[in-house]
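Worksheet: the structure to be examined is printed underneath.
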Amino acid sequence: MQQSEPKTITILHTNDIHSHFEQVSSIAAYVANQREAEKGSPLLLVDIGDHMDRMAVETEGTMGQANVDIINLTGYDVITIGNNEGLTLTPEDLGRAYAGLLAQVVCCNIVEEATGEPPSWMKKHTIIEKGGIKLGITGATAPFSAFYELLGLRALKPEEAIQREVEMLRAEADIVILLSHLGLSTDQRLAEELQGLDVILGGHTHHLLEKPLQIGNTTVCGAGKFGSYVGRIRMQEQPDGTYRVTEGGCVPVDSHILDETVGNALAKHRMHAEDTLSETVAITDRILPLDHTAESPFGNLLAQAVRSYTKTGISLVNTGQLLGPLPEGEISAGMLHTLCPSPINACIVKLKGKDIRLTLEQSLLSEFWSREIRGFGFRGEILGNVAVDGLEVLYDAARIPYDRIVQITFSGEALQDEQEYEVGTLDMFTFGIGYEHIAKGQDPEFMLPDFLRDLLRLELQRPLSLSECEHKRWVQAR
């Protein structure tokens, strides 16, 4: 009796596309070509989160609907959420965006505070069948607990949540897959410590594994960032009934090959988004210049916006959040999005005077304000100098570094090194990047869901804000 051929399945995976829509048509074309090449053999297509990024006009103007449409047209089977989906849109916004989603959303470590269960648009796991092969799929995302709490969600410890799902799926599925938006180091640890997991398809840290890592019985994969690559693995049934990865790697996406349907849909979403963002939100009677190396009115306006929003006595922000000067005349929502695209929120910290002083000293050094920053929500190019509100800073540029500030005045009195002050600042600083002394602040209070551009909009509508931002905070000693 002739033995039947072992079953095989091809799995394609993407991650951290971050709304790089210039790539999605080519990704769709590659996926379509792969489906044709497989000639009816089973193929699974998944995304591992951060497909959405509100820096993109299409995502911002449609609140993620453009991404959902592209996911549908490309034919994804299952997706998980990254921090850009989970934290830059509210659960209600995501519910509206995902209402028309054809793929299943899986994530086992994010639940509603009120119910202890995932939101209605998400499941802890799924089991789907392709070509007679049962695939058990769960997902997990980076547990930014303090942020999720503000959205009415609770982030569970990923390891424990994944373990529960894997044990359940192992009993029912031929292949158990984790869509992990947790980062490479966590993926490696999970592969070492967790039994019963066949494949980890990873993201979050933008790692590109040109060849998958084999750790014990688990294969670990990652396809880089921004849609430059599509990950591809092939799994084959073994004589004992288990499945093993027999081929794996990452395929560069050919940007010259396009999918016409996806391209047309994207063009329509772009037009709709631009129309939505054309709403006039303020009218200015002057240009607000911007300087990333020294004090400027637009930088001061951002500091005012954060101080007003956080209701603190002091605010510290980096001017690199702003990408250009604010023009005179009608200011639209789209213009503020273009000038301040980062999905960053304000927060309040209790910061000692000496850490405020050291932050301001660093702001006078080119190695800080010229520093290139990536990640943590920052979508600018360089860090930029520090803009302040609520303080007056007397400095002498001729003095040596870290001894240039002569005096800092707060509410008419000299700032005291050991005194603690309530400071309005940006959530990205609490992760210790950029001006790292701000991360020493205690009792951080994060303020979601409004972004910096929303705060600018409010500040521009406040009487006298334009005149106030032209007042000098940094004064050169004579």
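Starting from 1, each residue takes its place in the sequence as its number. Bear in mind the structure is a predicted one, so any value in this text is a computation, not a measurement.
- Between C108 and I162 the shortest side-chain heavy-atom distance falls below 4.5 Å.
- Taking the side chain as every heavy atom from C-beta outward, V230 and V253 approach each other to under 4.5 Å.
- Under the 4.0 Å criterion applied to side-chain N and carboxylate O atoms, R371 and E381 are not assigned as salt-bridge partners.
- At a threshold of 4.0 Å, the pair E159-R189 counts as salt-bridged, since one of the basic side-chain nitrogens sits closer than that to a carboxylate oxygen.
- Ion pairing of E422 with K350 is absent here, as no side-chain N (NZ or NE/NH1/NH2) approaches a carboxylate O to less than 4.0 Å.
- A search for salt bridge (Lys or Arg N to Asp or Glu O under 4.0 Å) contacts involving R270 returns E58, E274, not counting sequence neighbours.
- For the pair S25/L266, no side-chain contact is recorded, criterion being any heavy-atom separation below 4.5 Å from C-beta on.
- Contact of the I17 side chain with the D47 side chain is registered, since non-hydrogen atoms from C-beta on lie closer than 4.5 Å.
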Donor-acceptor pairs under 3.5 angstrom involving side-chain atoms of residues 193-201: please list them, not counting sequence neighbours.
from: D198; atom 1: OD1; to: R170; atom 2: NH1; distance (Å): 3.4
from: D198; atom 1: OD2; to: R170; atom 2: NH1; distance (Å): 2.9
from: D198; atom 1: OD2; to: R170; atom 2: NH2; distance (Å): 3.3
from: D198; atom 1: OD2; to: V176; atom 2: N; distance (Å): 2.8

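- For the salt bridge (Lys or Arg N to Asp or Glu O under 4.0 Å) test, residues two or more places apart in sequence or in another chain that qualify with E459 are R462.
- The backbone N or O of L258 lies less than 3.5 Å from no partner atom in the side chain of E260, so there is not a single donor-acceptor pair.
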List, one per line, each side-chain donor-acceptor pair under 3.5 Å for residues 63-73, sequence neighbours excluded.
from: N67; atom 1: OD1; to: T59; atom 2: OG1; distance (Å): 2.8
from: N67; atom 1: ND2; to: S19; atom 2: OG; distance (Å): 3.2
from: N67; atom 1: ND2; to: H51; atom 2: O; distance (Å): 3.1
from: N67; atom 1: ND2; to: H51; atom 2: ND1; distance (Å): 3.1
from: D69; atom 1: OD2; to: H269; atom 2: NE2; distance (Å): 2.8
from: N72; atom 1: OD1; to: L102; atom 2: N; distance (Å): 2.8
from: N72; atom 1: ND2; to: G100; atom 2: O; distance (Å): 2.9

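- The backbone N or O of K440 lies less than 3.5 Å from a partner atom in the side chain of Q442, making a donor-acceptor pair.
- Heavy atoms of other residues, nucleotides or ligands lying less than 6.0 angstrom from CD of E36 number 12 at most.
- Applying the salt bridge (charged side-chain N to carboxylate O under 4.0 Å, His left out) test to every pair with at least one member in residues 104-119, sequence neighbours left out, gives these pairs: E113-R154.
- Side chains of R379 and Q321: a donor-acceptor N/O pair is absent below 3.5 angstrom, by distance only.
- At least one donor-acceptor pair under 3.5 Å links the side chain of W121 to the backbone N or O of P91.
- L455 places a side-chain heavy atom less than 4.5 Å from the side chain of V306.
- Residue pairs meeting the side chain to side chain donor-acceptor pair (under 3.5 Å) criterion with at least one partner in residues 93-108, sequence neighbours excluded, are T90-D93, D93-R96, Q104-K123, Q104-T126.
- A salt bridge is defined here as a Lys NZ or Arg NE, NH1 or NH2 lying under 4.0 Å from an Asp or Glu carboxylate O, and E38 with R232 meets this definition.
- Counting only N and O atoms by type, the side chains of Y76 and T14 include a donor and acceptor under 3.5 Å apart.
- Judged as a ring-ring contact (aromatic ring centres under 6.0 Å, His included), and not counting sequence neighbours, F429 has no contacts.
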Would you give me the side-chain donor-acceptor pairs under 3.5 Å for residues 133-149, sequence neighbours excluded?
from: T138; atom 1: OG1; to: K124; atom 2: O; distance (Å): 2.7
from: T141; atom 1: OG1; to: I81; atom 2: O; distance (Å): 2.9
from: S145; atom 1: OG; to: P143; atom 2: O; distance (Å): 3.4

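- For the pair D259/S26, no side-chain contact is recorded, criterion being any heavy-atom separation below 4.5 Å from C-beta on.
- A donor-acceptor contact shorter than 3.5 Å links the side chain of R54 to the backbone of T88.
- Listed by first then second residue, pairs satisfying side chain to side chain donor-acceptor pair (under 3.5 Å) with a partner in residues 210-226 read Q214-T219, not counting sequence neighbours.
- Taking the ring-ring contact (aromatic ring centres under 6.0 Å, His included) definition, one finds that H18 meets it with H206, F226, sequence neighbours left out.
- Every residue meeting the ring-ring contact (aromatic ring centres under 6.0 Å, His included) condition with H204, not counting sequence neighbours, appears here in chain and number order: H181.
- Using modelled atom types, one finds a donor on one side chain and an acceptor on the other under 3.5 Å when comparing R234 with T10.
- Y30 is linked by a ring-ring contact (aromatic ring centres under 6.0 Å, His included) to nothing, counting only residues two or more places apart in sequence or in another chain.
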